[in-house]
Colleague: 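Once you've had a glance at the structure underneath, I'll fire off some questions.
The structure presented is a predicted model; accordingly, all values stated were derived computationally and were not measured. We use all heavy atoms of the structure for the numbers below, so side chains are in, but hydrogens, waters and symmetry mates are not.
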Amino acid sequence: MNHGSTHHTPPDGVPAIELRGASKTFRTPSGVPHTAVRDLDLAVARGEFVAVVGPTGCGKSTTLTLVSGLEEPTEGEVLVGGEPVGGIRPEVGFVFQQDAVFPWRTVLSNVMAGPRFRGAPKAEARERARDWLARVGLAAFADRYPHQLSGGQRKRVALAQTFVNDPAILLMDEPFSALDVQTRALMSDELLELWGGAGTGTAASVVFVTHDLEEAIALADKVVVMTAGPATVKQVFPVDLPRPRKVEDVRLQPRFVDLYREIWSCLGEEVRITRERGAARVA
């Protein structure tokens, strides 16, 4: 169900997201410049699910903030739908590691907030919110408050909050990392289902940052491996596992194991470099 979404569709052949030679340098509190990402080239096609993996602290999250418009690149370009990103755009949804809920609002009110903010009348916002709560299995929890929910339920609220706005682009920053293994697998399946069936047009283009290589392979069309910081793209691995996928089933496939081994040999090197740098600083 597509409720009068306002985002434009990029012309055929134009990537949904493109970073061209993008670098981002921050000033640290001591005044020393810190480069988080450097010379980053990455393209995400329309409806493509891309997972980004890399060592801790290498700049994966910075990549998302550049695409979202929360930060501007120091050098290079960031394009969404072929247009330079100039601030936060309505067609971009962002799911953070921490739940971005209003604790004083009910679940229904939290999910209504996005459409209301975008100008939807109250009755329409309520109908859309109820529709998405039903889709994520929380119809019976509409009047609860966030503190009355489990971690998995709060994550479902976060997904409903994001999908209710019919995003053309979905940025996810380790959204399931705080969940236990079983809940995490369920949420991954839920995400794939919602992503495949969101709206009536093409699925959203997703950039999913994770530390978990198994999660990355199970979800994505391609896995991007970042170097030790300052991050740049080291290698891109297409994931040729058939869809639709169930996360627990896909992990048992021989091709999954082969992909894991192949990607880990690339990623493991960067993790070692990061660890050695950390050890050298301590010494």
Colleague: If only atom types and distance count, is the side chain of T232 paired as donor or acceptor with the main-chain N or O of R38 below 3.5 Å?
Modeller: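 Checked: pair present.
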Colleague: Taking all atoms of both residues into account, what is the closest heavy-atom pair of P103 and V101, and its distance?
Modeller: CD-O, 3.3 Å
Colleague: Quick one: side chains of residues 139-147, donor-acceptor pairs under 3.5 Å with protein atoms, not counting sequence neighbours, listed by atom name and distance.
Modeller:
none

Colleague: Taking the side chain as everything from C-beta on, heavy atoms only, tell me whether V223 gets closer than 4.5 Å to V236.
Modeller: no
Colleague: Within a reach of under 6.0 Å around CZ of R118, are more than 12 heavy atoms found that belong to other residues, nucleotides or ligands?
Modeller: yes
Colleague: I'd like to know if the side chain of D39 pairs up with that of S23 as donor and acceptor (distance under 3.5 Å, no hydrogens or angles considered).
Modeller: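 D39 vs S23: no donor-acceptor pair found between side chains.
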Colleague: How about Q148: does its CD atom have over 12 heavy atoms from other parts shown lying under 6.0 Å from it?
Modeller: yes
Colleague: Distance-only criterion, 3.5 Å: show the donor-acceptor pairs between side-chain atoms of residues 259-268 and protein atoms not counting sequence neighbours.
Modeller:
residue: S265; atom: OG; partner: E262; partner atom: O; Å: 2.8

Colleague: For F117, which fellow cluster members are found when Ile, Leu, Val, Met, Phe, Trp and Tyr are connected by side-chain heavy-atom distances below 4.5 angstrom, either directly or through intermediates?
Modeller: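 ILVMFWY cluster around F117 holds nothing else.
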Colleague: When the ring planes of F94 and F96 are compared, do they come out parallel, tilted or perpendicular, using 30° and 60° as the limits?
Modeller: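 If you compare the ring of F94 with that of F96, the planes turn out parallel.
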Colleague: Which residues pass the side chain to side chain contact (heavy atoms under 4.5 Å, CB included) test with D212, sequence neighbours left out?
Modeller: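 Side chain to side chain contact (heavy atoms under 4.5 Å, CB included) list for D212, sorted by chain: R184, T210, E214, E215.
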Colleague: Which heavy atom of P167 sits nearest a heavy atom of A204, and at what distance?
Modeller: O-CB, 3.4 Å
Colleague: Salt-bridge test for E269 and K234: reply yes if a basic N is under 4.0 Å from a carboxylate O, no otherwise.
Modeller: yes
Colleague: I need the minimum non-hydrogen distance between L66 and P73, along with the two atoms involved.
Modeller: CD2-N, 3.5 Å
Colleague: Answer with yes or no whether the hydrophobic clustering places V52 together with V78; edges join I, L, V, M, F, W, Y residues whose side-chain heavy atoms lie under 4.5 Å apart.
Modeller: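 Hydrophobic grouping puts V52 with V78.
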Colleague: Using modelled atom types and a 3.5 Å cut-off, is there a donor and acceptor pairing between side-chain atoms of S109 and backbone atoms of T106?
Modeller: no
Colleague: Do R245 and L241 touch side chain to side chain, with heavy atoms closer than 4.5 Å?
Modeller: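 Yes, their side chains come closer than 4.5 Å.
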Colleague: According to side chain to side chain contact (heavy atoms under 4.5 Å, CB included), who are the partners of T74, at least two apart in sequence or on a separate chain?
Modeller: K24, T25
Colleague: Which word best sums up how the rings of F49 and F208 line up, parallel for under 30°, tilted for 30 to 60°, or perpendicular for over 60°?
Modeller: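 Aromatic pair F49/F208 classed tilted.
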Colleague: May I ask you to test the F237-I217 pair for a side-chain heavy-atom distance under 4.5 Å?
Modeller: no
Colleague: If you define the side chain from C-beta out and look only at heavy atoms, does anything of V209 sit under 4.5 Å from T63?
Modeller: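 SC-SC contact between V209 and T63 ruled out.
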Colleague: Is it true that a side-chain atom of N165 and a backbone atom of Q161 form a donor plus acceptor pair closer than 3.5 Å?
Modeller: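 Between the backbone of Q161 and the side chain of N165 there is a qualifying donor-acceptor contact (under 3.5 Å).
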Colleague: Give a yes or no on whether the backbone of V50 and the side-chain of D221 come within a donor-acceptor separation of less than 3.5 Å.
Modeller: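 It does not hold such a pair.
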Colleague: With sequence neighbours left out, what residues match R255 under side chain to side chain donor-acceptor pair (under 3.5 Å)?
Modeller: D240
Colleague: I'd like to know if the side chain of E270 reaches the main chain of P55, judged simply by a donor and an acceptor atom lying under 3.5 Å from each other, with no hydrogens or angles considered.
Modeller: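 Not a single qualifying donor-acceptor pair exists.
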Colleague: Salt bridge check: are K246 and E248 linked by an N-O gap of less than 4.0 Å?
Modeller: no
